[in-house]
Number of protein chains: 2
Amino acid sequence: MSEITKTRIIDAAGEVFAEKGFEQATVREICKRADVNLASINYHFGDKQKLYIEAVKRAHCEGEEDEPLLIPAELPAERKLYYFIEHMMADMLDRESPTWHVELMMREMARPTLACTELVQSYIGPKFSILMSIIEEMVPSTLTLSKKHLLAFSVVGQCLLYRFHRPIGKLLIGDDEFESLFDVSYLARHICEFSLQGIQSLSVSQETSL
Amino acid sequence: MSEITKTRIIDAAGEVFAEKGFEQATVREICKRADVNLASINYHFGDKQKLYIEAVKRAHCEGEEDEPLLIPAELPAERKLYYFIEHMMADMLDRESPTWHVELMMREMARPTLACTELVQSYIGPKFSILMSIIEEMVPSTLTLSKKHLLAFSVVGQCLLYRFHRPIGKLLIGDDEFESLFDVSYLARHICEFSLQGIQSLSVSQETSL
DNA sequence: ATATGTTTCAAACGGCTGTTTGAATTAATG
DNA sequence: CATTAATTCAAACAGCCGTTTGAAACATAT
């Protein structure tokens, strides 16, 4: 068993796929970076596509090991929400030298391919469930599931903006100011306070006029 | 002057670039769809890259003509915000048969290329300014510009989620429920109400404890 | 009608792509 | 040690890519 070759390929593939995306990445560059022969990918994985799926699998496996999301159960829901947001932002932005694991998952989120379903089931889904349970602590139990989903989407939407539209943000308000805003805990605090207002308003009045 | 050939090429290019992105689109398919000779692109535009920039230019020009955003000045700021959000959501999602103009701009927002700067200057920037002026009507004039920017980002972040992460959303909560949520005015109302709470809370207390 | 400039066309060029091949090398088994 | 299986390797394959070429077709003006 030459398992080391396989993992060397997957690691190199993860890097290249993360940097360039599936289509733009070339098997030649992957093999060169892994220092293996050009035919190795097809021999060990069948084709480029299957290698990609393996890379995404490893990405969210190791990503989960890196920093598990454990929120103390005894905290008030408001602080749990902050923990959640802060963790999510740090996961996406904070790495001084971002590993390819996160980068690859983000790519899959932005433009889902075959590997997307599994990513949702084993990575995004569980995190979303945690957020949902936090929200459920803060709203009346009579609130419909759909409305709770909308609240969760509003929270993650604010977070994802800073990951996926950073270049636009920089162009909009200028590099300097954008970078000065770009502190994880500062952004997390803003998003949390902003969201708490929206969530808690549904705790009292079910509908407002508009 | 065979200007008609140039516009035929740009139209076809817009479609293909919107569907596949710059790298994945091929000049052969563009020419085939435009029903022009293969060499026409290089003759009229120089190369593929320059054609792409022309296509993006036309995209936001015609996109602007389609539905200009004019918000009645006499409305209260809360309703202006709703108008803005509803317009933005409709722009991104509502088209029964979405034109390539929007699709191409969205692609450029997700992964900016050379054409991005101009897109921000002539399309995204003006819209963002409108949102900023609406927010300024609702918060104390003493609030720093940075804080107002954060508020604006929170609003657009919620909107963009439904455009850029729709496949993930479907996988998370199921196709059926996601599609049932997917009504522009319903989503716009939710986002607006949610955001109004966050914005207005800054109007009274500058800081909350966390 | 002739000459000039513009636009179209089929064909080819060089380069990069994922994949395959068959021999050479290494590891494992009797 | 001999034999078989698993792995590596250099080379080539077939196909698509953006771009170029030089001749043909067309339009315009003298």
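Side-chain atoms are counted along with the backbone in the values below, which use heavy atoms only and exclude waters and symmetry mates. Keep in mind that this is a model prediction, so the values were computed, not measured. So that the names make sense, note that chain A is the first sequence line, chain B the second, and so on, each numbered from 1.
One interatomic measurement links the two molecules: OH of B/Y52 to P of D/dG18, which rounds to 15 Å at whole-angstrom precision. In this structure, A/K6 places its NZ atom 16 Å from C1' of D/dT8, rounding to the nearest Å. Regarding B/I9, its CD1 atom lies at a distance of 11 Å from the C1' atom of C/dT7, rounded to whole Å. The NZ-P distance, from B/K32 to D/dC17, rounds to 11 Å in whole Å. B/E29 places its CD atom 10 Å from the P atom of D/dG18, with the value rounded to the nearest Å. In this structure, the OH atom of A/Y43 is 7 Å from the P atom of D/dA6, given to the nearest Å. Regarding B/I30, its CD1 atom lies at a distance of 17 Å from the P atom of D/dC16, rounded to whole Å. What separates CG of B/D35 from P of C/dT8 is a distance of 12 Å, to the nearest Å.
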Could you pull out every donor-acceptor pair under 3.5 Å between side chains of residues 121-132 of chain B and any protein atom, sequence neighbours left out?
{"from": "B/S122", "atom 1": "OG", "to": "B/H60", "atom 2": "NE2", "distance (Å)": "2.9"}
{"from": "B/S122", "atom 1": "OG", "to": "B/E118", "atom 2": "O", "distance (Å)": "2.9"}
{"from": "B/Y123", "atom 1": "OH", "to": "B/D91", "atom 2": "OD2", "distance (Å)": "2.7"}
{"from": "B/K127", "atom 1": "NZ", "to": "B/H87", "atom 2": "NE2", "distance (Å)": "3.4"}
{"from": "B/S129", "atom 1": "OG", "to": "B/G125", "atom 2": "O", "distance (Å)": "3.2"}

Using a 3.5 Å cut-off and no angle test, enumerate the donor-acceptor pairs between side-chain atoms of residues 38-45 of chain A and protein atoms at least two apart in sequence or in another chain.
{"from": "A/S40", "atom 1": "OG", "to": "A/N37", "atom 2": "N", "distance (Å)": "3.4"}
{"from": "A/S40", "atom 1": "OG", "to": "A/N37", "atom 2": "O", "distance (Å)": "2.9"}
{"from": "A/N42", "atom 1": "ND2", "to": "A/G46", "atom 2": "O", "distance (Å)": "3.4"}

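Taking only side-chain nitrogens and oxygens, A/S2 never comes nearer than 4.0 Å to OP1 or OP2 of D/dA6. Taking side-chain N and O atoms only, B/H44 has a distance below 4.0 Å to OP1 or OP2 of C/dT8.
Between A/H190 and A/F194, a ring centre-to-centre spacing shorter than 6.0 Å is recorded. Between B/F164 and A/F164, the distance separating the two ring centers is not shorter than 6.0 angstrom.
Using cut-offs of 30° and 60° on the angle between ring planes, the pair A/F153 and B/F178 is perpendicular.
Residue contacts shown for B/S40 are absent, as no nucleic acid heavy atom lies under 4.0 Å away.
Partner of A/E137 under the salt bridge (charged side-chain N to carboxylate O under 4.0 Å, His left out) criterion, out of A/K80, A/R79, A/K148: A/K80 alone.
By the side chain to side chain donor-acceptor pair (under 3.5 Å) test, B/R33 is found to be paired with B/E15, B/E19, B/E29, residues two or more places apart in sequence or in another chain being considered. For A/E54, the side chain to side chain donor-acceptor pair (under 3.5 Å) test picks out no residue, with sequence neighbours left out.
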Protein proximity profile, nucleotides 16-21 of chain C - base contact B, sugar-phosphate-only contact S, no contact -, cut-off 4.0 Å on heavy atoms: -BBBBB
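Looking at every heavy atom in both residues, B/Y162 comes nearest to B/F182 through O-CZ, 3.7 Å.
End-to-end axis angle of the helix from C/dT2-D/dA29 to C/dA28-D/dT3, using five pairs per end and rounding to 10°, comes to 0°.
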